[in-house]
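A short worksheet on the structure shown next.
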Amino acid sequence: MNELTASGSAVHAVVVTYLPERGSLLDLLVALAPQVVRVWVVDNTPRIDARVEEILSENELPNLRLIRLGDNLGIARALNVGVEAAMAAGASHLLLSDQDSLPHADMVTGLLRAERECSAHGNRVGAVGATFTDVHTGITFPFQVHVSGKFFY
């Protein structure tokens, strides 16, 4: 039992893939799997390409589950399929990811801490999110906000 289940939180991750690069996907899964109860990999790759099945079969991460859609049905549909599976399996929290993100080793713990702190101040929390660092520029974006009439920034 890890901190995620001991604290009463059953965090599941949904990772959407489409023709992923092996190294990036493996790095993501190795970093994310120990932080959550289960990782749902929802694969949008065409059925004739078995790369995701091959990548998952070569690792020792027992909490991975693969859902193959057989074709590219889009990220929204893939996320919905993963969310439905995670909720049916008892998830209390969901972490959504694409195939080439690289979470910090304590990202989920930090997100749960942020949720608890916000809730402790009487706020109703719908979502918390991590910062984003662009690997090409090194710029970290703390969060995005939509201001009416302007683009996200």
Side-chain angles (χ1 to χ4, degrees), residues 2-47 49 51-56 59 61-119 123-137 139-147 151-153:
N2 60 29
E3 177 189 344
L4 304 176
T5 53
S7 69
S9 298
V11 180
H12 288 222
V14 176
V15 176
V16 175
T17 59
Y18 175 75
L19 301 172
E21 191 277 318
R22 176 182 166 59
S24 294
L25 181 57
L26 272 177
D27 290 347
L28 163 66
L29 296 175
V30 167
L32 188 56
Q35 299 186 59
V36 299
V37 173
R38 180 158 299 140
V39 178
W40 299 90
V41 178
V42 183
D43 188 23
N44 262 333
T45 302
R47 188 164 310 284
D49 187 318
R51 76 179 69 195
V52 173
E53 288 173 308
E54 292 167 7
I55 292 168
L56 297 184
N59 70 63
L61 302 170
N63 61 336
L64 297 181
R65 299 296 181 273
L66 175 62
I67 301 171
R68 289 214 60 199
L69 300 180
D71 202 1
N72 187 356
L73 303 182
I75 192 167
R77 177 70 180 130
L79 284 170
N80 284 332
V81 167
V83 166
E84 289 171 8
M87 297 301 290
S92 64
H93 294 74
L94 297 168
L95 187 143
L96 308 177
S97 180
D98 59 10
Q99 66 194 21
D100 58 359
S101 295
L102 185 57
H104 193 273
D106 65 350
M107 182 184 75
V108 172
T109 299
L111 292 171
L112 288 171
R113 185 179 322 108
E115 179 205 20
R116 283 192 306 270
E117 289 173 9
C118 287
S119 295
N123 297 305
R124 293 178 58 195
V125 180
V128 294
T131 59
F132 166 74
T133 301
D134 186 313
V135 296
H136 303 291
T137 66
I139 297 172
T140 297
F141 302 90
F143 67 89
Q144 295 179 338
V145 62
H146 180 70
V147 177
F151 195 68
F152 289 90
Y153 60 108

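Here the structure is a predicted model, which means the values were calculated and not measured.
- Donor-acceptor pairing under 3.5 Å is recorded for the side chains of Asp98 and Ser101.
- Under the 3.5 Å distance criterion, the side-chain polar atoms of Asp100 are left unmatched by any main-chain donor or acceptor of Ser24.
- The minimum heavy-atom distance linking Ser92 with Ala10 is given by the pair OG-N, 2.6 Å.
- How far CG of Asn123 is from CD of Glu115: 11.5 Å, rounded to the nearest 0.5 Å.
- At distances below 3.5 Å, at least one donor-acceptor pair connects side-chain atoms of Asn44 with backbone N or O atoms of Gly74.
- Counting only heavy atoms from C-beta outward, the side chains of Asn59 and Val30 never approach each other to under 4.5 Å.
- Arg68 contributes a side-chain N or O that, together with a main-chain N or O of Pro46, makes up a donor-acceptor pair within less than 3.5 Å.
- The shortest side-chain heavy-atom distance between Pro20 and Arg51 falls under the 4.5 Å cut-off.
- Checking Val16, Val15, Val83 one by one against Leu96, the side chain to side chain contact (heavy atoms under 4.5 Å, CB included) holds for a single residue, Val83.
- Contact record, Trp40 with Ala89: CZ2-CB, 3.7 Å, taken as the closest heavy-atom pair.
- Summarising the geometry of Ile67 relative to Ala85, their closest heavy-atom pair is CD1-CB, 3.8 Å, with the distance given to 0.1 Å.
- Side-chain contact between Leu32 and Leu95 is present, with at least one heavy-atom pair separated by less than 4.5 Å.
- Two residues are said to be in side-chain contact when any heavy atoms from C-beta on lie closer than 4.5 Å; Leu69 and Asp71 fail this criterion.
- Proximity of Ile55 to Thr17: side-chain heavy atoms (C-beta onward) are nowhere separated by under 4.5 Å.
- The line from CG of Asp43 to CG of Leu25 is 9.0 Å long, rounded to the nearest 0.5 Å.
- Between Val39 and Leu61 the shortest side-chain heavy-atom distance does not fall below 4.5 Å.
- Using a 4.5 Å heavy-atom cutoff, the side chains of Val52 and Gln99 are not in contact.
- Between the OG atom of Ser119 and the CZ atom of Arg124 there is a distance of 10.5 Å, given to the nearest 0.5 Å.
- With rounding to the nearest 0.5 angstrom, the CG atom of Leu102 is 9.5 Å from the CE atom of Met107.
- To the nearest 0.5 Å, the span separating CG on Leu29 from CG on Asn63 amounts to 9.5 Å.
- Side-chain contact check for His12 versus Val36: every heavy-atom pair is 4.5 Å or farther apart.
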